[in-house]
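So the structure is just underneath, and the comments pick up after that.
Because only heavy atoms are used, hydrogens play no part in the values below, and waters and symmetry mates are left out as well, while side chains stay in. Bear in mind that the values here come from a model prediction, so they are computed numbers and not experimental data.
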Number of protein chains: 2
Amino acid sequence: MANINDVSRLAKVSKATVSRVLSGSRGVKEESRLAVMQAVETLQYKPSVIAQSLSTQSTGCIGVICAAENINQSTGYLHALEKELRLNQKYLLLRFATDAAGLAHSVNEIGRGLCDAMIVIGARFELPPLPENVITIDCLDEDSDRSIHFDRSFAAETACQYVLQQGRRQIALINAENGETAGQILQGYHQALEKFLLPYDRRLVHSGEQALTQLLAQNVPFNALLVPDDASAQDALRQLAQHGRAVPASVMVFSLDSTLPPGISAVPAITYPLETLAQTAMALLAGQFSANAGAPVRGQLSIPF
Amino acid sequence: MANINDVSRLAKVSKATVSRVLSGSRGVKEESRLAVMQAVETLQYKPSVIAQSLSTQSTGCIGVICAAENINQSTGYLHALEKELRLNQKYLLLRFATDAAGLAHSVNEIGRGLCDAMIVIGARFELPPLPENVITIDCLDEDSDRSIHFDRSFAAETACQYVLQQGRRQIALINAENGETAGQILQGYHQALEKFLLPYDRRLVHSGEQALTQLLAQNVPFNALLVPDDASAQDALRQLAQHGRAVPASVMVFSLDSTLPPGISAVPAITYPLETLAQTAMALLAGQFSANAGAPVRGQLSIPF
DNA sequence: TTGTAGGCGTTATCAG
DNA sequence: CTGATAACGCCTACAA
């Protein structure tokens, strides 16, 4: 692999000039410029990213750490982030983490110079203290200007409104297991019920592994079912089928968090705009904390077909 | 951030000795060793990966390029690969590619020194010429010792055997659109039918976007349906439900390629062992081409519940 | 407009 | 067992 010395030799200029030409800086005679380009071409020269990194003290690598639990949910993020990062000439270094210790360990790499910054996605565990160059998306941290959160309450309320408009008045809820998110969802659920003057029946609200089983065991009628995400939705579809309950005829299932493109989701859902999220993340990485403005992101209603 | 000079100064030894201590090479007096460790601790010194890379001419980064089409299918791979790479102290640099040009462009990075090697996954387009340090998994390339392929024929045959054992004798097939894979699947399908002395009815075999629609339009009865992957399976489940056909009572859906862990898949499927695949990939990256042995990988039958 | 020289943080070689 | 010293490949003042 040819290096900058080979090029400078062949082009009969100094390394500095070669560097100048390649970094596009002005103040280079057209003649030398052409000579360099020529040499670069014939030698198939590509500057070494590593050497560049050592010099500039910046690698262009962004670490992305996904919570392993909701991998399927995070695939969409990865795709969107990679696209956006590439637009900004950056690389995506992927990691998974299952707990705070694992996350902390991964974040430690950053201090070793490999990544310029990191993005943590969807962690449902308590976060360890994080350096300044780490931003979070949909994690369990208090609102900071370096984190992106979703408006779960709004999602739940919107969902209720939708199913109510579809003539469903008995809305069951399978809630998330986590405190913060679950709290918000419950809040939105309550607000919607109040708004429509519907009573709150605690027997319609469950969470955890056995949530749907418990719900079905209660024998309380319901014709709509809100679930926290796509995975739960899929699970619900299967279980409902087993119990002979037609979807959506008998029960309308609604996913409160979907990253599937509109029209693809099997059930009505609140979807979060991945491109926008990715762009916001880029802005945060670039230090434009105003881009976030602290407000949680509101998803939008997405209906199949 | 402290560097090796700071450490050597504090420990009152040379940089060389510091380096030796940290790279674990023996031949260092216990005394100096301790002094170094001490200094490292108090200075919170972490060697710079970049500088190491420049010296050793190897970054420990492995580029993983996923075909964007089947992202959902590839999530499992990513997780397994990341785990395995981490065991080998390597980093996973993620990219997506939609076509040969994009792939070629991404592979080009490798020549710039960022990645030591690359893995291309699930590309359904014709591959551009690839350097030696690139291996492929489930791609459209002829068998080489640097590629991992799946035995589609075996999958189809196994699937047929399974549904036949379940008493289904009218097996419809929604085939992949791609030539190579589709050919193998069809072959396995044929072989199974022959083995069980069943007639081949071409009206039961379709492919492409409208495959299931066409199949249903034919009005030819079928009580089993083989589909190429999980995405198709999900799609099929939805469409069948719309047509009032119960699954699995009326139609048993079978996915010919699933990466879901056994027991999670919603339908019976042929699953490919991700850990094993990841390990094989590592071996190939390490240059142990014998690990592959050229034989396509056979999946195993996985039944829900 | 150009070249020289020094620095980025390691590893590796080679005397001592 | 240890310490200079030279790579590694690039960037960038600074000087010409």
Side-chain angles (χ1 to χ4, degrees), chain A residues 1-40 43-61 89 91 108-116, chain B residues 1-40 43-61 89 91 108-116:
Chain A
M1 191 87 249
N3 66 21
I4 202 174
N5 281 305
D6 303 324
V7 176
S8 79
R9 206 174 307 136
L10 183 55
K12 297 198 175 105
V13 296
S14 72
K15 295 198 292 178
T17 299
V18 174
S19 179
R20 277 189 277 259
V21 169
L22 266 67
S23 39
S25 85
R26 297 209 186 290
V28 177
K29 205 203 297 174
E30 187 62 14
E31 194 182 322
S32 354
R33 167 186 201 73
L34 287 177
V36 169
M37 300 296 264
Q38 182 62 253
V40 163
L43 290 177
Q44 282 290 313
Y45 165 73
K46 316 253 190 267
S48 151
V49 213
I50 296 301
Q52 283 176 325
S53 299
L54 186 59
S55 249
T56 63
Q57 299 289 67
S58 140
T59 62
C61 272
Q89 317 249 44
Y91 303 104
N108 212 18
E109 293 185 346
I110 228 180
R112 314 248 274 104
L114 221 192
C115 292
D116 293 338
Chain B
M1 191 88 250
N3 65 21
I4 202 174
N5 281 304
D6 303 325
V7 177
S8 78
R9 208 173 306 137
L10 183 58
K12 297 196 175 106
V13 295
S14 72
K15 296 196 294 179
T17 299
V18 175
S19 179
R20 276 189 279 259
V21 169
L22 268 68
S23 37
S25 85
R26 277 173 299 128
V28 178
K29 206 201 301 174
E30 188 61 13
E31 195 181 321
S32 350
R33 166 188 201 73
L34 288 176
V36 169
M37 300 296 264
Q38 182 63 253
V40 163
L43 291 176
Q44 283 291 312
Y45 165 73
K46 315 255 189 264
S48 151
V49 213
I50 296 301
Q52 283 177 323
S53 299
L54 186 58
S55 242
T56 63
Q57 300 289 70
S58 139
T59 62
C61 271
Q89 316 250 45
Y91 303 105
N108 213 19
E109 292 183 348
I110 228 179
R112 314 248 274 108
L114 221 192
C115 293
D116 294 339

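Which of C:dC8, C:dT4, D:dT2 sits closest to the side chain of A:Ala16 comes down to C:dT4. Picking from D:dG9, C:dG3, C:dT10 the nucleotide with the shortest atom distance to the side chain of A:Ser55 gives D:dG9.
In this structure, the side chains of A:Ser14 and A:Ser8 stay at 4.5 Å or more apart for every pair of heavy atoms. Residues B:Val21 and B:Ser32 are not in side-chain contact: their nearest non-hydrogen atoms beyond the backbone lie 4.5 Å or more apart. Side-chain contact between A:Arg20 and A:Arg33 is absent, with no heavy atoms from C-beta onward closer than 4.5 Å.
D:dT12 atom P lies 13 Å from atom CG of A:Leu22, rounded to whole Å. Taking atom CD1 on B:Ile50 and atom P on C:dT10, their separation rounds to 11 Å, with Å as the unit. Taking atom CE on A:Met1 and atom P on D:dC8, their separation rounds to 15 Å, with Å as the unit. Look at NZ on A:Lys12: it is 17 Å from C1' on C:dG3, rounded to the nearest Å. Separating the CD1 atom of B:Ile4 from the P atom of D:dA7 is a distance of 19 Å, rounded to the nearest angstrom. Taking atom CG of residue A:Leu54 and atom P of nucleotide D:dC10, one finds them 11 Å apart after rounding to whole Å. In this structure, A:Arg9 places its CZ atom 15 Å from C1' of D:dC10, rounding to the nearest Å. Regarding A:Asp6, its CG atom lies at a distance of 13 Å from the C1' atom of D:dC10, rounded to whole Å.
The phosphate of D:dC8 (OP1 or OP2) has no side-chain N or O of B:Ser53 nearer than 4.0 angstrom. Under 4.0 angstrom from either OP1 or OP2 of C:dG3 there lies at least one side-chain N or O belonging to A:Ser14. Here A:Ser19 reaches the OP1 or OP2 of D:dC11: one of its side-chain N or O atoms lies under 4.0 Å away. The phosphate of C:dT2 has neither OP1 nor OP2 within less than 4.0 Å of any side-chain N or O from A:Thr17. Considering only side-chain N and O atoms, A:Gln52 lies under 4.0 angstrom from the phosphate OP1 or OP2 of D:dC11. Look at A:Thr56 and you won't find any side-chain N or O under 4.0 angstrom from OP1 or OP2 of D:dC11. Between A:Gln57 and C:dG9 there is a side-chain N or O to OP1 or OP2 distance below 4.0 Å.
The minimum heavy-atom distance between B:Ser58 and B:Asp116, with the atom names listed, is OG-OD2, 3.2 Å. Considering all non-hydrogen atoms of both residues, B:Thr59 and B:Cys115 come closest at OG1-CA, 4.0 Å.
Judged by atom type and distance alone, A:Arg112 does not reach the base of C:dG9 through any side-chain donor-acceptor pair under 3.5 Å.
More than 12 heavy atoms of other residues, nucleotides or ligands shown are found within 6.0 angstrom of CE on B:Met1.
Residue B:Arg20 is the one, among B:Arg20 and B:Ala51, whose nearest nucleotide of DNA chain D lies closer to the 5' end (criterion: closest heavy atom). Between A:Arg33 and A:Lys15, the residue anchored nearer the 5' end of DNA chain C, judged by the nucleotide with its closest heavy atom, is A:Arg33.
Heavy atoms of B:Ser32 sit under 4.0 angstrom from primed sugar atoms or phosphate atoms, though from no base atom.
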